[in-house]
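Beneath this line is the structure, given in structure tokens, with notes to follow.
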Amino acid sequence: MNDTTRESDSASSRPNKHFIEQAIDADLAANKAAGVFTRFPPEPNGYLHIGHAKSICLNFGLAKNYSGTCNLRFDDTNPSKEETEYVESIMEDVRWLGFQWDSLHYASDYFGQLYEWAEKLINDGKAYVCDLNAEETRQYRGSLTEPGKNSPFRDRTPEENLDLFRRMKAGEFPDGSRTLRAKIDMASPNLNLRDPVMYRIMHAHHHRTGDEWCIYPMYDWAHGQSDSIEGITFSICTLEFENHRPLYDWYCGALEIHHPRQIEFARLNMTYTVMSKRKLLQLVKENHVNGWDDPRMPTISGLRRRGYTPESIRNFAIDVGVAKFNSTIDVIRLENAVREHLNRVASRRMVVFDPIKLTITNWPEGKVEMMEVGNNPEDESAGKRKVPFSGSLLIGSDDFQEEAPRKFFRLKKGGSVRLRGGYIVDCHDVVKDADGNITEVLCTYDPETKSGEDNSGRKVKGTIHWVSAGEAVEIEVRNYDRLFSVENPDQTEEGKTFLDNMNPNSLDVTTGYAEPELSAAGEDERVQFERLGYYVVDPDSTAEKQVFNRIVPLRDSWGKMVATGKAG
RNA sequence: UACCCCGUGGUGUAAUUGGCAACACUACUGAUUUUGGUUCAGUCAUUCUAGGUUCAAGUCCUAGCGGGGUAGCCA
């Protein structure tokens, strides 16, 4: 499959550049930046989700379009939350999305340099060791409307600070007893500038540095400096860091080091899902879903298992745009992106759910005819496959009604329908059980109407899919739906949580009866079940039984007519 | 109630930086169709409000209104 067509992510080919590209163009033109060097800086404390995918596409895309570089850097400054499992999943997800980092880094690689720079700030009188505990620090900080008060330890001499800081590093003090703080302005209207903490004492085991350190840098102290060390020119982050930019700038200025430009954009929000790491973690830990890669999760690993293609996610990321307005994208756009891709590349197969028998009474006893059916009407080069046709077929019970409304174009008693890739059949009778339920539909076929060789001139309103009962292969089908039943799961009534908004019908497991060719589908292969939806082979498949996940259903205008009462 | 950011169709993004409000998606019409899929055509806006500058304002100015963010030793 061609993984690059249709992607208009070349900055030069798109007529209108978004505000970040415009800022980059301006800086490049003014010689304020030597090139476009970006980074994707996740904290390894959870799995990546579709919102991160937007950020990944942005950062790697910018680097690619401007012939720059993009690094992957793990922001691992808080050992109490971070794990190697997450590091590995993140690398896998970035690669799966189709990106390759120019170099791989960890903020923890810079702990030594950060420490040296901290001593420099102490010597310059720009940082001090503070003995206030967490609670006191909070009180001294003031509030949104009131200025803070200077810490009583603010005016220690550089010598005293240096001694104390070295002893902090040496492990002489217990957790939480002291911090190193930047000396900025306790009265600043920007709370981030009220002598922010640079280091806290944490006697914790770090996933990479082990027990080497017992003081760990805060985000603000580590992030910009890491950017600087790597020669990043554009440090792109989400809106909630806007208030941190003055501090980002202050640190680079105080250190007199390479000074990247931080630019903030609005993170992705999407309907019918939650995006916070905390909530995703809760869904996993409390077993509301089957792990991080549950196909209903908005995680990249979940979307991957669901059957989404990297190309469709990249197209989606471009489609939603980049701006500073805090918006919520309709999940339909994500679904459309994968439909658009799969319509072009997925082979069509026939699979019947909830079957009803269709017997062709004028079919030669025991005859099985192999029909040649195109794999993809959108792509002639996809070739054909053979589908067995016989006198004993299965069709979906949805596709038959004994007496049907005028707009019902499927099979009804006394009516006709085209069997996709087969013949036109005419229904003359039904068989019912003792309770009056239809158990079998009796038809005759019209030999003049064979698919591809039909010279009969007959026109029928509808075409339905089918499988030959004798040759049908049973498969397990997992029909997934949205995890939440409301647009904004976070909007809850008093006393309820987002969990109360979960969709109880987000997974429906059923048996499918498939044409034999489907057995050839290998792991990860995506196909369209004709008239139903796009499906992917799930890794739970065994030699005995294939398992398919529904990626997304086809648009269903008949279903919509039924739902809105316009089907009569 | 302090500071910062943001307000353009139902949704999301544009508007050559002061010159006919455009594109995509949804919805609704209709056409085509051996998938009720796909495809094609059409319809859907007092640019948050009020003033001001200007021949001309979505864009500039003033005031207001609305939304989001910020008081972790999280990132």
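In this text, all values refer to a predicted model and were calculated from it rather than measured experimentally. Note on naming: letters A, B, ... go to the chains in the order of the sequence lines (proteins, then strands), and numbering restarts at 1 for each one.
- The existence of a salt bridge linking A/E369 and A/K450 is confirmed by a sub-4.0 Å separation between a basic side-chain nitrogen and an acidic carboxylate oxygen.
- Rounded to whole Å, the C1' atom of B/rC73 lies 43 Å from the corresponding atom of B/rA63.
- Remark: B/rG64 base-pairs with B/rC48; criterion is Watson-Crick or G-U wobble with both hydrogen-bond distances under 3.5 Å.
- Comparing A/W558 and A/V322 by the nucleotide of RNA chain B that holds the closest heavy atom to each, the one mapping nearer the 5' end is A/V322.
- Residue side chain A/F409 meets the stacking definition with respect to B/rG36: its ring centre sits within less than 5.5 angstrom of the base's six-membered ring centre, and the planes differ by less than 30 degrees.
- Base pairing of B/rU70: its partner is B/rA2, meeting the Watson-Crick or G-U wobble criterion (both donor-acceptor distances under 3.5 Å).
- As a whole-Å value, the separation of A/Q528 CD from B/rG37 C1' is 6 Å.
- Contact check for A/F408 versus A/M561: no side-chain heavy atoms found under the 4.5 Å cut-off.
- Comparing the P positions of B/rU26 and B/rC40 gives an interatomic distance of 12 Å, to the nearest angstrom.
- Across the interface with RNA chain B, nearest-nucleotide mapping of A/R245 and A/P377 shows A/R245 to be the residue nearer the 5′ end.
- For B/rG9 and B/rU46, the P atoms lie 9 Å apart once the distance is rounded to whole Å.
- For the P atoms, the distance from B/rG67 to B/rU1 is 14 Å, rounded to whole Å.
- B/rC4 atom C1' lies 5 Å from atom CG of A/N243, rounded to whole Å.
- In terms of phosphate contacts, A/K461 brings no side-chain nitrogen or oxygen within less than 4.0 Å of OP1 or OP2 of B/rU34.
- A gap of 7 Å separates the C1' atoms of B/rC23 and B/rA14, to the nearest Å.
- OP1 or OP2 of B/rU13 has at least one side-chain nitrogen or oxygen of A/S327 nearer than 4.0 Å.
- Spacing of P atoms, B/rA71 relative to B/rG52, comes out at 42 Å, to the nearest Å.
- When the P atom is compared between B/rU13 and B/rC6, the two are found 13 Å apart, to the nearest whole Å.
- Rounded to whole Å, the P atom of B/rU11 lies 13 Å from the corresponding atom of B/rA45.
- Between the side chains of A/Q225 and A/Y248, no donor-acceptor pair is found at a separation under 3.5 Å.
- Considering only side-chain N and O atoms, A/K566 lies under 4.0 angstrom from the phosphate OP1 or OP2 of B/rU29.
- For B/rA15, one of the phosphate oxygens OP1 or OP2 lies less than 4.0 angstrom from a side-chain nitrogen or oxygen of A/Q22.
- Between B/rU34 and A/R531, no contact under 4.0 Å exists linking OP1 or OP2 to a side-chain N or O.
- Between A/H341 and A/N315, every side-chain heavy-atom pair lies at or beyond the 4.5 Å cut-off.
- Closest contact between the side chain of A/N343 and the listed nucleotides B/rG37, B/rA75, B/rA71 involves B/rG37.
- The side-chain tip of A/R178 points at the ring of A/F173 from less than 6.0 angstrom away and within 45° of straight on.
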**Request:** Start with the C-alpha distance between A/R73 and A/E230, add both sets of side-chain angles, then the distance that settles salt bridge (charged side-chain N to carboxylate O under 4.0 Å, His left out), and finish with yes or no.
**Result:** CA-CA 10 Å; A/R73 182 175 71 238; A/E230 291 175 25; 3.2 Å; yes
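- A close approach under 4.0 Å does not occur between any side-chain nitrogen or oxygen of A/S80 and OP1 or OP2 of B/rC74.
- Residue A/R194 has no polar side-chain atom (N or O) positioned under 4.0 Å from OP1 or OP2 of B/rU70.
- Considering only side-chain N and O atoms, A/T145 lies nowhere under 4.0 angstrom from the phosphate OP1 or OP2 of B/rA71.
- Here A/N336 reaches the OP1 or OP2 of B/rU26: one of its side-chain N or O atoms lies under 4.0 Å away.
- Phosphate contact (OP1/OP2 of B/rA75, side-chain N/O of A/R200, threshold under 4.0 Å): present.
- Proximity of A/K277 to the phosphate of B/rC74: no side-chain N or O atom is located under 4.0 Å from OP1 or OP2.
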